Amino acid sequence: MIEEQLTRSVAAWYPGATGVGGTLKLSGGASQETWSFEIMTRSGNVGAILRRAPEGYGAAPSRAAGLDAEAALMHLAHQAGLPSPRVLHVFDANDDLGPGFIMERVEGETIARKILRDAQFADARSMLARQLGRIAAGIHDLPRAKLPLLRQRTASEEIGELAREYGSLNWPKPVFELALRWLRDNDPGPPVQVTLVHGDFRLGNLIIGVDGVRAVLDWELAHLGDPMEDLGWICVNSWRFGELDKPVGGLGTREELFAGYEAAGRAVDAARVTFYEVMGTLRWGVMCGGMMQRFRMQPDHAMERAMIGRRASETEIDLLRLLAPRI
């Protein structure tokens, strides 16, 4: 069915397209749907990726940027020379494919276990923490005047939203309540500069090759806010995948990340990064709880939600490790 819809869509906007083939639904992604396929032309095939949000899926409406905004942000990033796939087409009603877009396929690896352990990525691992700092700086430098409409909240508002989301789970966790109290007591106030924030800048949302980062993906949670939020998020323990002594995604040190960021001309506030690392750890724990709740309501939808839901307990341990020296 989807191949027929794609064939009709691609024929309308891709010059010389003769059809599509190799359609494959990709695993991973508990909130969006992703397909890989080939655009066939007489001069050769073009690898493409479809990203869409079928009815009933997607991030919480209060946080999701929207797929049109995602496509616009990826286009801006690509134009600015940041590693981002080229957006080929944004769906409209004529495509009959729902909200979404098509981008060029970028070859590389997204599975963290392979990136962190396979020998072919050894050279890349040695430079990735600094490279991620430079890329984060590039994202934060994208001009606000060109950005699509995005949500903006202060740290205080984010804490309030986290408290409401946690309360709605009806799943009492004293460690989460301790973290909420610490966040309220240590709210750093407004940032010096409000910028674009990717919102989910971490392994799993990066395509990595032997030469380093080839693409930043999944701009679903992009918003305006404190740029230190992205630096704190990538240091959350859940994204280290067992490499606990390497806080930047299991790849390197905070100092390497900060050096790359500052080399690109932007300043780091380490205390604010720590605040957002705590907030990010709690947010992931609450998100895990939300996935479990959604699985319980619709158990026929995505076993991955139940698997993610179980990880809420890991974040309790991570929060205790972060907060113990600070309380």
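The first residue in the sequence is number 1, and the count goes up from there. Keep in mind it's a predicted model, so treat the numbers as computed, not measured.
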Novice: Scan residues 250-280 for pairs that pass ring pair (Phe, Tyr, Trp, His ring centres under 6.0 Å), counting only residues two or more places apart or in two chains.
Specialist: His140-Tyr261
Novice: Taking the side chain as every heavy atom from C-beta outward, state whether Leu6 and Ile102 have any pair of such atoms under 4.5 Å apart.
Specialist: yes
Novice: Return the set of residues passing salt bridge (charged side-chain N to carboxylate O under 4.0 Å, His left out) with Arg321 (not counting sequence neighbours), or none when no residue passes.
Specialist: Asp318
Novice: For a 4.5 angstrom cut-off between non-hydrogen side-chain atoms, does Leu97 reach Ile2?
Specialist: yes
Novice: Can you say whether the rings of Trp13 and His89 are parallel (under 30°), tilted (30 to 60°) or perpendicular (over 60°)?
Specialist: parallel
Novice: Hey, are the side chains of Arg283 and Glu158 touching, using non-hydrogen atoms and a 4.5 Å cut-off?
Specialist: yes
Novice: Examine distances only and state if a side-chain atom of Glu314 and a backbone atom of Ser238 form a donor-acceptor pair shorter than 3.5 Å.
Specialist: no
Novice: Can you confirm whether Val194 sits close enough to Gln152 that some side-chain heavy atom of one is under 4.5 Å from a side-chain heavy atom of the other?
Specialist: yes
Novice: Would the number of heavy atoms belonging to other residues, nucleotides or ligands and lying under 6.0 Å from CG of Asp123 be above 12?
Specialist: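 12 or below, so no.
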Novice: When you compare the side chain of Glu109 with that of Arg214, does any pair of heavy atoms fall below 4.5 Å?
Specialist: no
Novice: Using a strict 4.0 Å threshold on nitrogen-to-oxygen distance, state whether Glu277 and Arg254 make a salt bridge.
Specialist: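 Salt bridge present between Glu277 and Arg254.
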Novice: Answer yes or no: is there a side-chain heavy-atom contact under 4.5 Å between Leu132 and Phe201?
Specialist: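 In short, these two side chains touch, coming nearer than 4.5 Å.
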Novice: Looking only at atom types and distance, does a side-chain atom of Asp95 sit under 3.5 Å from a main-chain N or O of Asp92, one as donor and one as acceptor?
Specialist: yes
Novice: More than 12 foreign heavy atoms under 6.0 Å from CG of Asp185: is that the case here?
Specialist: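 Yes - once you tally the heavy atoms of other residues, nucleotides and ligands closer than 6.0 Å, there are more than 12.
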Novice: Got a salt bridge between Glu256 and Lys246, using NZ or NE/NH1/NH2 to carboxylate O under 4.0 Å?
Specialist: no
Novice: Going by an N to O cut-off under 4.0 Å, is there a salt bridge joining Asp245 and Arg240?
Specialist: no
Novice: Counting only N and O atoms by type, is there a donor-acceptor contact under 3.5 Å from the side chain of Arg113 to the main-chain atoms of Phe241?
Specialist: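 Side chain of Arg113 to backbone of Phe241, a donor-acceptor pair under 3.5 Å: no, none is there.
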Novice: Where do Val210 and Ala124 come nearest, in terms of heavy atoms and distance?
Specialist: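 Taking Val210 first and Ala124 second, the nearest heavy atoms are O-CB, 3.7 Å.
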Novice: Identify the residue among Leu24, Ile49, Leu217 that makes a side chain to side chain contact (heavy atoms under 4.5 Å, CB included) with Thr34.
Specialist: Ile49
Novice: List for me each residue that meets side chain to side chain contact (heavy atoms under 4.5 Å, CB included) alongside Thr41, sequence neighbours excluded, and say none if there are none.
Specialist: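 For Thr41 the side chain to side chain contact (heavy atoms under 4.5 Å, CB included) partners, ignoring immediate neighbours, are Tyr14, Ile39, Ser43.
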